[in-house]
Protein chains: 2
Amino acid sequence: MVASSDHEDHLKRDRATRNFVTAEDVARLAGVSRSAVSRTFTPGASVSADVRHRVQEAAKTLGYRVNRLARSLISDQSNLVGVVGANLSLPFMARQLDELSLALLNRGMQCLLLNAAEAEQGITPLIELILEFRVRAIVVMSGSPPSAIIDECVANSVRVILVNRQADDAEADTIISDDLGGARVAAERLLRAGCRRIGVVGSGARTPTQVRRRLAFVEHIEEAGIKSAVWASGETTYETGIEAAKGLLTSHELDGVFCVTDLLALGFLDGAREMGRRVPEDLSVIGFDDIPQSAWASYRLTTVRQSMSDLTGSVLAAIEREMHGKETKLVHEVLPVELVERATVRPMS
Amino acid sequence: MVASSDHEDHLKRDRATRNFVTAEDVARLAGVSRSAVSRTFTPGASVSADVRHRVQEAAKTLGYRVNRLARSLISDQSNLVGVVGANLSLPFMARQLDELSLALLNRGMQCLLLNAAEAEQGITPLIELILEFRVRAIVVMSGSPPSAIIDECVANSVRVILVNRQADDAEADTIISDDLGGARVAAERLLRAGCRRIGVVGSGARTPTQVRRRLAFVEHIEEAGIKSAVWASGETTYETGIEAAKGLLTSHELDGVFCVTDLLALGFLDGAREMGRRVPEDLSVIGFDDIPQSAWASYRLTTVRQSMSDLTGSVLAAIEREMHGKETKLVHEVLPVELVERATVRPMS
DNA sequence: GGAAGCTTTGCACACGTGTGCAAAGCTTGC
DNA sequence: GCAAGCTTTGCACACGTGTGCAAAGCTTCC
C-alpha cells in the first residue's frame, strides 16, 4: 500500500511537467520496459499476450496516445497531406474539399488545410510551410506554384498534385477536367438550340480553367461564323453573374449565353430575369460545374458537369502511386465532362 | 577540387537515404556545427552575422526546411489545431471552415481537418486520432463528443471548443449563437406580419441547434395561443425543404413558416411556389443562418443572421486564452443574432 | 597588454518514439 | 533432463531538432 502510494505520486509529478502521457509512463505503471510499450502499439511487433494486456490496461488508465510526431521523425514522413485552396465557401470548392478530406481520412491520411485566400504573393510560402510538416503529398486546388517550389517538393520526394491547373513543365501531377471538351459541348448545344447571338461570361480572374473554357468556347462559336460577346471582369461570384447580365443584355440582343462557372450562370439567370428576359424562350443559358444549387427549382440550370468523385479518385490514385527512386511517373489526367440538361436551354431546333 | 568533389558525393549519399535535407547536411556544407544551424533558424538565438549568412546560403542551396515535427517533439505540442466537421459542402459549414482556416493561418496555426461525415460511432475516434498529433486545440463544428474524451483532452492540456453545441458538464468551451433569441425574433416577426396559421420546419437530425430553434419557436408561438404545425424529418438539405413544403402545405393552410436553417427555407420556398403559393402574399417564410444563397434574387429570404466573423473571432479567442495550470477558465459565449429583412415575409400588419 | 564584460560556439543532453540485435526465456521433441 | 529452435525482451542507438552551459572568442576600457 505504501509502495503503491509512492508510485502514484511519482506518476503525478511526471505528468505535471509534460502535457501528454508518454510510453515511459505506461511502462512504469505496467511494470515492463518502454520498448514493450512501443511493441504493443506497433502492428506486427512481437509481444506476449500477458505483457500486451498489462500495457493496454495501463495505457487506458493513463489515457496514453502514441505521439505521431515522434513516430514521423523516425520514418521522415507523416501521413499528412497538404491541401491548398482558396474561396472555400464557393459551392464547387466546398464540395471538392468535402469529398477530398473524407477520402483522405478513409485512406489513413490526414488533411492539413492551408487557406490561400490571402496568398497575394502566390502560394510558394504556403507550400514551404507545408514542407516543414514533412507531408506525403500536396494537393493544390487554388493557385499556381512556380516550378522552383515544385522541384523542391519532388527533390524531397513529396508529390505535388495540381487540380484543374497545368504544370508548366514542372514535375507535378495534374488532374484536369476536360474544359475544352466541355466548352465545345456547350457551344454545340447552344447552336443546336438555334442560338445565333451568343455571349460568354467569365470573370476577371486569371484562373486557368476559366480562361481555357472561355477561349475554347469563343473559338468553337467562331467556327460557326459567329462572333461572341465577351464578359471577363469582376470576381468569380454570383454577383458578377448579375453584373454580366446587366452589362451584356443592355448592349446586346443575345439569345444564348455560356457562363464558365455555374455560380456566374445563376447570377446571370437572376439578372436576366430581372431585366424581363424569359429563360429559355428569349435566352438560353449554360453553366459549367454542376454545383448543387444548379439543380434547385428556381434555377434548373443546364450545365456541363465535372464529376467530383472522378476528381477525388484521381487525386488519391496520384498520391498513392509509388515513386521509383528519382524517376517519377507523372500523372496527367483529363477527366471527361458531360452535359446535364435541365431547363435553361431551348430544345433542339 | 578533389576535396570538393568528395564533399559533394558525401552529400548525395546522405540525401539518398533520407528524403529531406537535415540541419546536419547544412552544417557540413556551411562548415559550422549543427547547433549553429539550429540557432540560425531559431528567432532570438545568438549567432554571428557571418555564420548566419553561410548557413542561410547553404540552406538555400540544399533546399533545407526545418522539421516541424522534430521541433514539436521538444515543445510537446505542435501548432496544429484539429477541426472536426461534417457536411462541409453545406453553405453554412463551408463558410465557417473557410473563415476559420484562414484566421488560424493568420495566427500562425495550422488546420488539421477531420471530416466527420462517416463518423457513425460518434467523433470520439477522430478526437483520439487528433490527440496523437499533439494538437493545441480541437474545434468541433459537427458531432457531440462525450465527456470522457473531452476530459482526456483537458488532462492533456488540449482545449476543446464546441461550436453551436452544448458541453453537457464537460470542460469544453462553447460558442453558440443565440438560437433561442433568434427563434423568438422569427416568431415575433411572423406574428407581427399577421400570420395565424404557423408552421415550423426542422429535420430528422438531432443536431442541438436545430432542435433548440424548433422547440423555442414552437414555445413562443404557443404563448400567442397558436399551435404550430411541425415538420421534423429527413436530412438537413434543400430537398427536405421541398418535401416539407409538399407535406405541410397539403395538409395545412399555413400563412407563416419558420425554417430552422436557410437551406431548408430555400427548398421550402421552391416547393411552396411549385404548389402555387405566392410568397409573401399567401405565405411568409423565415430562415436562420443567412447563407449567401439567401440573398440571391430568386429567393431574397428574410432570415435570422448569425455573424460568422463573431463566431470565428470567439473561437480564436478561446484557443488563445491561457490555461492556468489545471484550473481552466472556460468560455461559454452566446453570440447575438439579428433579423435580416428581405422579401419573404409580409410587412407588419 | 591585460582585465572585465559581453557574445558566440559546440558539446551533450533532452524530447518520444521504433528497431536491430544479443541475451533471456519458453516450447517442443527425443 | 537436455538440446534445438522459436519467441520475447530490454538495451542502446537512431530519427532531427532546441537548449543549458562551459569554453572559446571578441570587444572595450584602463
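Throughout, protein chains are lettered first and strands after them, A, B, ... in sequence-line order, and every chain is numbered starting at 1. Any value given below was found using the heavy atoms of this structure, including those in side chains, with hydrogens, waters and symmetry copies removed.
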Without decimals, in angstroms, what is the distance between [X] [atom1] and [N] [atom2]?
X        : N      : atom1 : atom2 : answer
B/Phe41  : D/dG18 : CZ    : C1'   : 14 Å
A/Arg68  : C/dG18 : CZ    : C1'   : 14 Å
B/Leu131 : C/dG16 : CG    : P     : 16 Å
B/Glu24  : C/dC11 : CD    : C1'   : 13 Å
A/Leu69  : C/dG16 : CG    : P     : 11 Å
B/Arg28  : C/dG10 : CZ    : P     : 15 Å
A/Arg71  : D/dG16 : CZ    : C1'   : 18 Å
A/Asp25  : C/dG16 : CG    : C1'   : 11 Å

Below the 4.0 Å mark, does D/dT17 have OP1 or OP2 next to a side-chain nitrogen or oxygen of A/Arg134?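 Looking at the OP1 and OP2 atoms of D/dT17, one of them is under 4.0 Å from a side-chain N or O of A/Arg134.
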Angle between terminal axes - the helix from C/dG1-D/dC30 to C/dC30-D/dG1, 5 pairs each end, rounded to 10°
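Roughly 30° between the end axes, to the nearest 10°.
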Heteroatom pairs (N/O) under 3.5 angstrom, protein to nucleotides 20-25 of chain C:
none

Set of salt bridge (Lys or Arg N to Asp or Glu O under 4.0 Å) partners for A/Glu132, sequence neighbours left out: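 A/Glu132 satisfies salt bridge (Lys or Arg N to Asp or Glu O under 4.0 Å) with B/Arg68 once adjacent residues are dropped.
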Next item on the list: Go through residues 42-57 of chain A and report each residue with a non-hydrogen atom lying under 4.0 Å from DNA chain C, sorted by number.
Entry: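 Heavy-atom contacts with DNA chain C come from A/Thr42.
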Original post:
Can you pull the ring-ring contact (aromatic ring centres under 6.0 Å, His included) pairs that have at least one residue in residues 56-80 of chain B, sequence neighbours excluded?
Top reply: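 Pairs touching residues 56-80 of chain B that pass the test: B/Phe41-B/Tyr64.
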Q) ring-ring contact (aromatic ring centres under 6.0 Å, His included): which pairs involve residues 143-173 of chain B, sequence neighbours left out? A)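 Those involving residues 143-173 of chain B do not exist here.
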**Qualifying salt bridge (charged side-chain N to carboxylate O under 4.0 Å, His left out) pairs with a residue from residues 104-121 of chain A, counting only residues at least two apart or across chains** =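 Every pair satisfying salt bridge (charged side-chain N to carboxylate O under 4.0 Å, His left out) with a residue in residues 104-121 of chain A: A/Arg107-A/Glu320.
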Would you please name every residue forming a side chain to side chain donor-acceptor pair (under 3.5 Å) with [X], sequence neighbours left out?
X        : result
A/Glu128 : B/Arg65
B/His53  : none
B/Arg52  : none
A/Ser72  : none

*C/dT17, D/dT17, D/dG18: which one has an atom nearest the side-chain heavy atoms of A/Ala23?*
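Taking heavy atoms from C-beta onward, the closest nucleotide is C/dT17.
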Do you know which two heavy atoms are closest between A/Leu88 and A/Met93, and how far apart they sit?
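The pair with the smallest heavy-atom distance is CA-CB, 4.3 Å.
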Discussion item. I need the B/Asp98 CG to A/Leu113 CG distance, nearest 0.5 Å.
Written reply: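 Between B/Asp98 CG and A/Leu113 CG, I get 9.0 Å after rounding to 0.5 Å.
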- Item | Pairs meeting criterion side-chain hydrogen bond (donor to acceptor under 3.5 Å, both in side chains) with involvement of residues 134-149 of chain B, two or more places apart |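 Checked against side-chain hydrogen bond (donor to acceptor under 3.5 Å, both in side chains) - neighbours excluded - no pair reaches residues 134-149 of chain B.
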*asked:* Both B/Ser33 and B/Leu73 contact DNA chain C. Taking the nearest nucleotide for each, which residue is further toward the 5' end?
replied: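 Its nearest nucleotide lies further toward 5', so the answer is B/Ser33.
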- prompt: Which residue, B/Ala36 or B/Ile74, contacts DNA chain C at a nucleotide closer to its 5' end, judged by nearest heavy atom?
  reply: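 Residue closer to the 5' terminus by nearest nucleotide: B/Ala36.
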Has the side chain of A/Arg159 got a donor or acceptor atom that lies under 3.5 Å from a matching backbone atom of A/Ile319?
->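 Answer holds: no.
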- Can you find a donor-acceptor N/O pair under 3.5 angstrom joining the side chain of A/Arg34 to the base of C/dG18?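 Yes, a donor-acceptor pair under 3.5 Å.
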